[in-house]
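Every chain is numbered from 1 and lettered A, B, ... according to where its sequence line falls, protein lines coming before strand lines.
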There are 2 protein chains.
Amino acid sequence: MTDTPKFRRQIPEERKKEMVEATLRCLEQKGSEGLSVRNISAEAGISIGLINHHYPSKDDLVAAAYEKLATDLLQYVVRLVEQSGGTPRERMSAFFKGYFSSEILDQKILRVWVVFWNMSEKSEKVRQSHDRTYAGFRAQLEQMLCDLVNHPGIPDFNHRLAAIGLSAMLDGLWLEWCLNPATFAPEEGLRICEAWVDGLVSGAFDL
Amino acid sequence: MTDTPKFRRQIPEERKKEMVEATLRCLEQKGSEGLSVRNISAEAGISIGLINHHYPSKDDLVAAAYEKLATDLLQYVVRLVEQSGGTPRERMSAFFKGYFSSEILDQKILRVWVVFWNMSEKSEKVRQSHDRTYAGFRAQLEQMLCDLVNHPGIPDFNHRLAAIGLSAMLDGLWLEWCLNPATFAPEEGLRICEAWVDGLVSGAFDL
DNA sequence: TCAACTGTTGAACATTCGTTCAATTATGAT
DNA sequence: ATCATAATTGAACGAATGTTCAACAGTTGA
């Protein structure tokens with residue numbers, strides 16, 4: 001008779017991390033239908049009651065999951081730019097290439113995001129997390145756009161509005177592709193964004 | 001004793017219409033939380049059982065609600081363009097003006113849309129409705145962009161990709177404003193789109 | 001070796017959900 | 001007036017939900 005322990009104790013910090021990751025896996029697989037405490041606890045290999053022991057309510061766990069996914073995706077795109085050397089324009093292209101790769105252009109992520117959007121109005125934490133990470137995303141774009149201008153012969157423009165517009169175009173393409181991948185190919189989305197930047201630096205925009 | 005009838009009989013067609021409208025009101029008010037048959041039937045002033053009498057399941061009612069909202073919004077923007085005379089460029093501006101008005105740029109609509117996005121993967125009807133209305137929306141944009149080119153001195157471009165890009169930018173701006181209206185003002189979103197079109201017709205885009 | 005601590009369990013509870021269906025009743029034809 | 005039709009009702013049902021809490025058990029330090 002091997003005496004295998006019925007469970008393994010863990011420090012709250014690590015257990016919480018596991019639960020957050022399990023929550024994201026559940027959301028990626030089944031969207032809002034996978035968000036029950038029973039499904040999450042099964043995915044994490046823990047009991048039902050443990051969730052409310054570490055989190056005041058389920059919504060707090062989901063808010064923590066939003067925080068992680070949003071931060072991870074932001075980090076992903078930031079590293080894309082950092083790792084790619086070259087000119088500012090080349091770095092922008094590297095960013096686009098990563099954005100329209102299967103890492104981000106993924107229907108599984110939309111499944112998660114839709115649940116978060118649904119929560120953002122009710123959960124203060126989710127809304128704050130959105131505002132913070134989205135501001136970071138736009139700041140990254142604005143910095144890249146700014147770098148483009150710091151070269152001779154490039155006309156200036158309203159960096160803030162340009163970042164908002166580019167961010168919107170990226171999000172809109174991402175969303176529509178996830179809802180119906182037949183509408184356009186990822187390479188076409190990439191081309192649309194490249195053309196937008198080319199137009200911007202050519203001074204055609206009155207921004 | 002006045003003998004007020006306990007209910008009023010209606011032909012299925014009209015009753016269904018009432019239920020669809022009640023469903024949309026519920027979604028606008030409370031999002032997915034307002035989508036229960038009890039809440040909908042209370043809003044419509046009918047009994048619980050009547051929903052399943054006219055619709056095989058609740059999902060079919062929601063799909064019908066999607067169909068109506070999507071069609072209504074598409075009709076709204078189409079009429080915006082039809083009613084505005086003037087040059088193609090002025091009609092485009094009229095369209096933008098209507099799009100960034102409180103009629104469409106409304107957090108209530110996002111509440112509804114998020115629920116539909118969540119359903120689109122599971123419900124064949126909802127997905128078909130999305131594909132159809134979204135194609136109509138893009139076709140409208142493509143026609144307007146096409147009209148812009150049919151004037152002398154305007155360089156040509158890939159109408160399909162341009163429509164996809166503009167559609168994405170509109171959607172992205174709409175979504176982000178609904179999630180956080182503090183990010184930018186509606187007039188700024190309008191300006192971003194106007195600048196995009198100006199850049200397009202100036203030939204700055206390689207589309 | 002033995003407590004003290006606390007991470008962990010899972011049955012139980014009160015709600016809420018979508019759906020069903022037998023009974024009811026408004027309505028139009030005869 | 002009477003009847004057949006079908007629109008409407010609402011109680012009932014089983015399934016699923018988030019949360020609670022008393023009991024359990026692994027871990028650690030003395």
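- Contact annotation for A:L35: backbone-only contact, meaning every heavy-atom pair under 4.0 Å involves sugar-phosphate atoms and none involves a base.
- With respect to A:S93, the side-chain hydrogen bond (donor to acceptor under 3.5 Å, both in side chains) criterion is satisfied by exactly one of A:E90, A:R89, A:K97: A:R89.
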After noting the C-alpha distance and the side-chain angles of B:S32 and A:N118, does the key distance pass the side-chain hydrogen bond (donor to acceptor under 3.5 Å, both in side chains) rule?
-> CA-CA 8 Å; B:S32 61; A:N118 189 48; 3.0 Å; yes
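- Applying a 4.0 Å cut-off to non-hydrogen atoms, none of the residues of residues 14-26 of chain A approaches DNA chain D.
- Interface residues of residues 48-64 of chain B facing DNA chain C, ordered by number: B:I48, B:G49, B:N52, B:S57, B:K58; criterion, heavy-atom separation under 4.0 Å.
- No side-chain donor from either of B:E176 and B:N180 sits under 3.5 Å from a side-chain acceptor of the other.
- Bounding nucleotides for the chain A contact on DNA chain D, 5' to 3', at a heavy-atom distance below 4.0 Å, are D:dT17 to D:dT27.
- In this structure, the ring of A:F205 has its center less than 6.0 angstrom from the ring center of B:F205.
- What you find for B:L207 and A:A195 is that their closest heavy atoms are CG-CB, 3.9 Å.
- Residues satisfying the side-chain contact (heavy atoms from CB on, under 4.5 Å) test with A:E121, not counting sequence neighbours, are B:R111.
- Under the 4.0 Å criterion applied to side-chain N and carboxylate O atoms, B:E194 and B:R191 are not assigned as salt-bridge partners.
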Name each donor-acceptor pair under 3.5 Å that joins a side chain in residues 157-166 of chain A to protein atoms two or more places apart or in another chain, with its distance.
| from | atom 1 | to | atom 2 | distance (Å) |
| --- | --- | --- | --- | --- |
| A:N158 | OD1 | A:R160 | N | 3.1 |
| A:N158 | OD1 | A:L161 | N | 3.1 |
| A:H159 | NE2 | A:D156 | OD1 | 3.0 |
| A:R160 | NH1 | B:E188 | OE2 | 2.9 |
| A:R160 | NH2 | B:T183 | O | 3.1 |
| A:R160 | NH2 | B:E188 | OE1 | 2.9 |

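- Within 6.0 Å of CG in A:D206 there are 12 or fewer heavy atoms belonging to other residues, nucleotides or ligands.
- With hydrogens and angles ignored, the 3.5 Å screen pairs a side-chain donor or acceptor of A:T133 with a backbone N or O of A:H130.
- Side-chain contact check for A:E43 and A:N39: no donor-acceptor pair (N or O, by modelled atom type) lies under 3.5 Å.
- Heavy atoms from other residues, nucleotides or ligands lying under 6.0 Å from NZ of B:K122 number more than 12.
- Residue A:R38 contributes atom CZ, which lies 13 Å from atom P of C:dG10 at whole-angstrom precision.
- Of the residues listed (B:K16, B:K125, B:R132, B:R127), the one engaging B:E67 in a salt bridge (Lys or Arg N to Asp or Glu O under 4.0 Å) is B:R132, and it is the only one.
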Produce a footprint string for nucleotides 22-30 of chain C: one letter per nucleotide, 5' end first; B if the base is under 4.0 Å from any protein heavy atom, S if only the sugar-phosphate is, - if neither.
-> ---SBS---
